[in-house]
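All remarks here apply to the structure that follows.
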2 protein chains.
Amino acid sequence: MKILIIEDEPGIISFLKQGLEEEHFEVHTCTNGKDGIELMLRESSDLVLLDWMLPGLPGIEVCKRFREHNSKTPVIFLTARDTVHDTIAGLQSGANDYIKKPFHFEELLERIRVQLRTSLKEPAVLKLADIQIDVNSHMVVRSGNEIYLTQKEYELLEYLLRNKDKVCTRKEIIENIWNIHFDYNTSVIDVFMNSLRKKLGLHKQDDLIHTIRGVGFIARES
Amino acid sequence: MKILIIEDEPGIISFLKQGLEEEHFEVHTCTNGKDGIELMLRESSDLVLLDWMLPGLPGIEVCKRFREHNSKTPVIFLTARDTVHDTIAGLQSGANDYIKKPFHFEELLERIRVQLRTSLKEPAVLKLADIQIDVNSHMVVRSGNEIYLTQKEYELLEYLLRNKDKVCTRKEIIENIWNIHFDYNTSVIDVFMNSLRKKLGLHKQDDLIHTIRGVGFIARES
DNA sequence: CTATTTCTTTAAGCCAATCTTAAGTTGAAA
DNA sequence: TTTCAACTTAAGATTGGCTTAAAGAAATAG
């Protein structure tokens with residue numbers, strides 16, 4: 001996730017940059033309004049933090065002009081100006097939020113997350129070597145070919161992949177996929193394990209889904 | 001535009017109600033959390049103003065539970081509690097903004113507009129292969145020919161298209177289109193699915209609307 | 001206000017996909 | 001070699017979805 005900071009005070013820039021990078025955002029910066037617009041339009045960031053007072057072009061003008069070309073990317077004002085009038089003007093110019101300095105970094109972070117929430121979809125694809133499953137569409141692909149799994153087969157595979165590199169005991173599997181919380185002496189797992197492996201084209205030497213005798217199974221790449 | 005206010009102080013309610021109605025919003029109110037959730041789910045408001053401290057169920061809990069069923073409608077917290085920790089907790093519970101009392105009505109109004117602005121800029125035309133629907137006029141066209149759908153048929157199709165490439169579970173469909181939040185053992189979906197497919201001229205081999213047995217349905221192009 | 005049409009919901013039967021059981025076979029570990 | 005867990009297969013049971021018909025609501029027309 002790419003965040004663009006347009007702000008002229010070096011102290012605030014480095015404070016923000018450091019904090020956001022620790023949260024694994026990719027941070028770009030700019031210290032004046034004119035270049036700011038350029039970057040906003042060119043860099044296709046996922047979110048913009050915009051200072052109110054900027055050399056040259058005021059922040060509110062930057063925001064307005066940006067919105068003429070891009071109405072989607074969230075913009076958050078960071079500002080020392082704290083009058084109702086300014087807040088309103090800021091929001092009317094097309095910003096999505098308006099945060100007053102001094103602010104707590106944690107709150108800023110959370111407000112950033114709120115804005116990104118809509119565009120931030122949870123990781124939808126799970127991988128195991130050349131097997132990929134999309135948890136939204138339930139589509140399973142192995143090396144380019146779609147594989148049709150039944151409900152239970154799919155659930156079993158998803159469960160194993162969500163717990164990649166971790167042994168899934170028979171008990172855990174039965175509890176989580178079959179919702180049986182007692183009387184585990186059934187061999188359904190084996191039956192589904194069998195058809196799953198068949199459909200995926202796995203063989204003993206393919207060490208993608210291992211059997212741990214006496215315990216359960218594990219999905220692991222070589 | 002319909003706004004739901006969940007708040008227990010009569011003074012604030014009437015203040016908000018009056019102000020918002022002057023701005024031509026349709027305002028509904030509720031004074032406790034339990035009924036609040038009911039209304040949020042049933043009334044399909046465009047935005048919810050939620051108090052932090054509510055008799056019975058705390059606001060944050062109301063928000064969380066609401067988000068389990070509806071991830072779209074904006075929620076704004078109105079609260080006298082002003083610690084960073086609370087703000088963060090509120091936003092994390094799924095709210096879109098968090099405004100501290102006392103607030104200026106003008107600012108609240110503008111923040112409401114910000115929320116409605118973003119939810120309004122959805123695409124007006126949804127497509128699935130050669131099927132196109134216009135969400136404003138409800139017109140449905142397949143390869144040039146207009147297809148007349150009834151209300152429920154249309155809603156079903158729109159829902160599937162809005163969630164293109166994502167499995168829509170029967171539960172989600174029943175909750176979002178029929179507003180039934182319990183007792184899911186009905187086969188209305190099947191009946192409407194049937195007539196929808198007929199009218200669209202879809203057949204088993206047309207893989208545009210797939211059945212995912214035991215889960216639901218998915219709209220997906222080839 | 002009543003009749004008629006259209007839309008929505010309920011209900012039931014059918015069929016096929018899927019799940020489960022069970023029994024025989026294999027193979028790893030002691 | 002023996003034992004027992006895991007694998008394989010196939011038959012039988014079950015469920016879930018499709019379809020149709022008809023009853024119940026709602027909208028429209030007369």
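Quick note on labels: first sequence line is chain A, next is B, and so on, each numbered from 1.
- Remark: A:Tyr154 pairs with A:His138 by the ring pair (Phe, Tyr, Trp, His ring centres under 6.0 Å) rule, at least two apart or across chains.
- Residue A:Pro74 is tested with A:Asn96, A:Leu49, A:Asp46, A:Ile3 for a side-chain contact (heavy atoms from CB on, under 4.5 Å); the sole match is A:Asn96.
- Straight-line distance from the CG atom of A:Asn179 to the C1' atom of C:dT20: 16 Å, rounded to whole Å.
- Distance, A:His138 NE2 to C:dT18 P: 14 Å, rounded to whole Å.
- Computed from coordinates, the B:Trp178 CH2 to C:dC7 P distance equals 15 Å when rounded to whole Å.
- At a threshold of 4.0 Å, the pair B:Glu38-B:Lys34 does not count as salt-bridged, since none of the basic side-chain nitrogens sits closer than that to a carboxylate oxygen.
- Under the salt bridge (Lys or Arg N to Asp or Glu O under 4.0 Å) criterion, the residue pairs touching residues 167-181 of chain B are B:Lys166-B:Glu172, B:Arg170-B:Asp190, with sequence neighbours excluded.
- For the pair B:Ile189 CD1 and C:dT8 C1', the computed distance is 14 Å after rounding to whole Å.
- When the C1' atom of C:dT18 is taken as reference, atom CD1 of A:Ile177 falls 16 Å away, rounded to whole Å.
- Here the shortest heavy-atom pairing between B:Asp97 and B:Gln115 reads CB-NE2, 4.1 Å.
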Pick out the pairs of N or O atoms, protein on one side and nucleotides 22-27 of chain D on the other, that lie under 3.5 Å.
none

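- With sequence neighbours excluded, no residue forms a salt bridge (charged side-chain N to carboxylate O under 4.0 Å, His left out) with B:Asp134.
- One interatomic measurement links the two molecules: CG of B:Leu196 to C1' of C:dC7, which rounds to 15 Å at whole-angstrom precision.
- The residue B:Gln151 sits close only to the backbone: its heavy atoms come under 4.0 Å of sugar-phosphate atoms, none of a base.
- Remark: side-chain polar atoms of B:Glu107 are not paired, donor with acceptor, to backbone N or O of B:His104 under 3.5 angstrom.
- Mapped onto DNA chain C by nearest heavy atom, B:Phe192 and A:Thr150 fall at different nucleotides, with B:Phe192 at the one closer to the 5' end.
- Side chain of B:Lys152, nearest nucleotide from C:dT20, C:dT8, C:dT10: C:dT8.
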Footprint string (nucleotides 10-21 of chain D, 5' to 3'): B base within contact, S backbone only, - free, heavy atoms under 4.0 Å: -----BBSSBB-
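- Applying the salt bridge (Lys or Arg N to Asp or Glu O under 4.0 Å) rule to pairs touching residues 2-18 of chain B yields B:Lys2-B:Glu43, B:Glu7-B:Lys101, B:Lys17-B:Glu21, sequence neighbours excluded.
- If you take OH of A:Tyr148 and C1' of C:dT18, they are 18 Å apart, rounded to a whole angstrom.
- When all heavy atoms of B:Ile60 and B:Ala89 are compared, the closest pair comes out as CD1-O, 3.5 Å.
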